[in-house]
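Right, one structure below, let's go through it.
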Amino acid sequence: MAPSATGETAPMQLPAMSKASSINASVLHGPRDLRMERRTIEQPGIGQLQVAVKTTGICGSDVSYYKKFANGDLCACMPLSLGHESSGTVVAIGPQVSGFRIGDRVALEVGIPCGQCGICRKGRYNLCKKMRFRSSAKSVPHFQGTLQERINHPAMWCHRLPDHISFDAAALLEPLSVAIHAVNRATPEPGSTALVLGAGTVGLLTAAMARQAGCATVTITDVDQGRVDYAIAKGFATHGYVVPRPMHTVSSSSSILYNSSSSSSSGGGCESGTSGTSTPLDGIMTPASSTYSSFQSQLDSAKGLAADMLALTTTATNYSSSTSLLVVEDEDDGGGVDITFECTGKEICMHTALYATRPGGKVIMVGMGTPIQTLPMSVAHLREIDILGIFRYANTYATGIRLLTAAHAQKQKGIAGGAGFILPSLDDMVTHRFKGLDNAKGAFELASRTVDDDGNLVLKVVIEA
Amino acid sequence: MSTTTITSSSEKSQKSRGQYLHEPKALKLEARDLAPLAADNVRIAIRSTTICGSDVHYYTHFANGNIQVREALCLGHEAAGQVAEVGSSASEAAPGLKMGDAVALECGVPCGQCAHCRSGRYNVCPDLRFRSSGSKFPHYQGTLQEFVDHPARWVHRLPPELDFEAGALLEPLAVAIHAARRAGPDAISPRRACLVFGAGAVGLLCAVAARAEGCRDVVMVDIDEGRLGFALEHGFASVVHAVKPRRGGSLQEKLDIARETATEIGELKWPDGEPVGRVQRTFECTGAESCLQSSIYATASGGSVILVGMGIPNHTLPVSELTTREINLVATWRYAGAYPRAIEIAKASVTGSPVDGNALPDISQMITHRFNGLDVVQEALEMARKTRDADGKLVVKTVVDF
């Protein structure tokens, strides 16, 4: 007998007329232990919609749960449906909901804050202590993710879609929201310069949003040539830099810091002694070694990387010798970019970020990375570089929809650039598609790679109903 | 108030005697020639120099962090004095400045040309020269000497309410004001509160700067109960908490201890009985890694840890705490454009008047140990290294008066 859907918002006790129905759900029971199950779903309660989930994008945190049943220090402690980047169709409407009709296409904002506390009232609801986020193990019982046939979700957190936004693009409104929020917190000035470390989905969208927000140059970097090429070809960034791979693993293993007998991850019950990371590219992430000389050499590598990255967009030497039109003599060359968006979560990238940012600039830490890091804080001090943390997003879906609509309108009118930056296609970012929840396993396995078996770029993997 | 006055130009000194550091803890009294006064400079007879932690550090190590001292260095950069001579074009930068005027020195002189200078953030000008720092060579000599020729643009006239000792304190006060400004307004919590790690001079002055901006609830934390007692007694802090110094072995232990400290702070009560909880703004004034870690745990979601104290170059931090709770690490480096506000605040402080309706403690109480004359500069530096003098009295700020 199937367990009922745990963690769903409990519907109101309606009189005997309420009909539960049964649905299929993809449920994770342990590392790589993904099962298809039947669950019961009630009719949508007050203020709720029942949504048939159509498309779900897979993100690094989903992959982390899939592989380790944990995300960073957070361990899952009960069966968990993954998925949080989703769109679907309204199939039922609960009481006291207005503005929706059966058949409406919606994007799902899956984080539900309390709405009452001080921080919710100030609008920064992403920081609500009582936040329940689908597919996250943070709250107990776990709020189940969107890899289910249908879910009941508060109507206020379902965003209606205009016809021109596909289910794929709508699912990508979630990572786009992260990018919008990161740029909102960074407040770049028009004409300023940005550096984005990491060209995965979040890095790409953050770079695009930096351009959207008025940055004159946006340099994107990654270890993967394919991703950097994609970023430039599609216009996510103005400049690209491929990080030489050996530099990435220069830090000597400090699994000693994590495997020492006294320490295990602070999340009780985790089997793994090492902290995971949401970045799908890595297994174990190692923070800095405890020996000074190798940490110093890591810092020196980072400094060198930063200098190489900056060289793409600035020249202190002879302008006429530059080969690229986009390299200009910048009299304001303050010794770095105004803002660096760190989208990899890797410690060495934080080092690079600090060296690459100009005095008075900012480093924005986007997304969950290595939980504990050793940073050259003296660099931040001497250069008055602020370091800002980013956690998910708040008040971004309407902006995302508006931006996609603006991009669509511009393309319809045949305006190619010049009339303002056009957000690159989100649809094109979906490189791989798995049909049916029962094929979810394949999606998770692929989502942790940068290229598929045929050598094609893996960007965003989606699971379709 | 100083009693010596500057007399007529015929008595202008051609030399300045000063104490120069040649090796760790070895000072030599030297009389150096003064170059003819540059047109845009003023010659200042130094009257008071308060000693800062960086002066002590140079004195003890002949280095400060990565910076090695490369030639004899005169220390001191928190100073005030009297104008002894005015350069011929000095009035362009400082109209009305005349002989005998009491002034404070802003010891960091930037290039004035680069993008940072033009944007007002001259404190991060790469070519800025800072008196008493070994970072540039030849070294820009400090104020523990009789006369300093300084650009008129970078001296600030003292109002009559401020004596030379208060004028010297304007420098660390500027650091605090700059930190409070960089912190920005507290946009989230209804209570105007802040947390200060470190009840030394910098922490005390950050409390003053915060109060001047309307922050009435200040909780200060330190390992030294005497410092905390001073902070409470003189009205710098509303609530204090002594942290037992514990050193964790493993990284995990260190973070656990940091978390516990933050929890202890959260359980304190404000004077009105409400729990302190997590505050929106934490001024980290110690530079110690453990305090930086605690600051992060102790700060409310969406809030800021303002980095004022500087310690070792690299720190291990709970980064996930910064990201999941959207905490900002706001870096501060010295100050820019803070002296006028510092003068305003200092004036209110020493006269017991409020600033913008906010009551302030008296910063002149911070000067606990006085030394008179060039001959005792070494003793002053030795005193400034300590938290207690030979009689067990708390050392907060040490001043050398000439």
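- Using a 4.5 Å cut-off on side-chain heavy atoms (C-beta onward), P359(A) and H116(B) make contact.
- L375(A) contributes atom CG, which lies 9.5 Å from atom CG of L292(B) (distance to the nearest 0.5 angstrom).
- For a residue to count as touching a neighbouring chain, one of its non-hydrogen atoms must lie under 4.5 Å from one of that chain's; by this rule R121(A) does not touch chain B.
- Inter-residue side-chain proximity for L299(A) and N314(B) is flagged as met; some heavy-atom pair is nearer than 4.5 Å.
- Residues A331(B) and A380(A) come closest through the heavy atom pair CB-O, 3.3 Å.
- A 4.5 Å side-chain heavy-atom check between R334(B) and E384(A) finds every atom pair outside the cut-off.
- Residue D256(B): no heavy atom, backbone or side chain, is found under 4.5 Å from chain A.
- The local environment of NZ in K136(B) is crowded, with over 12 non-hydrogen atoms from other residues, nucleotides or ligands closer than 6.0 Å.
- The environment of CD in E189(A) is sparse: at most 12 heavy-atom neighbours from other residues, nucleotides or ligands sit within 6.0 Å.
- Counting only heavy atoms from C-beta outward, the side chains of L329(B) and D386(A) never approach each other to under 4.5 Å.
- At most 12 non-hydrogen atoms from other residues, nucleotides or ligands lie less than 6.0 angstrom from CZ of R216(B).
- Interface residues of residues 316-327 of chain B toward chain A, defined by a heavy-atom distance below 4.5 Å and sorted by number: T316(B), L317(B), P318(B), V319(B), S320(B), L322(B), T323(B), T324(B), R325(B), E326(B), I327(B).
- Residue pairs that meet the ring-ring contact (aromatic ring centres under 6.0 Å, His included) test with at least one member in residues 306-336 of chain B, sequence neighbours left out, are Y335(B)-Y339(B).
- Rounding to the nearest 0.5 Å gives a distance of 8.5 Å between CZ of R124(A) and OG of S301(B).
- Distance alone, capped at 3.5 Å, is enough to place a donor-acceptor pair between the H381(A) side chain and the T332(B) backbone.
- Contact of V305(B) with chain A is not made at all, since no heavy-atom distance falls under 4.5 Å.
- A donor-acceptor pair under 3.5 Å is formed between the side chain of R121(B) and the backbone N or O of G360(A).
- Looking at N328(B), its side chain never comes within 3.5 Å of a backbone N or O of L388(A) through a donor-acceptor pair.
- Residue I312(B) does not touch chain A at all, counting heavy-atom pairs closer than 4.5 Å.
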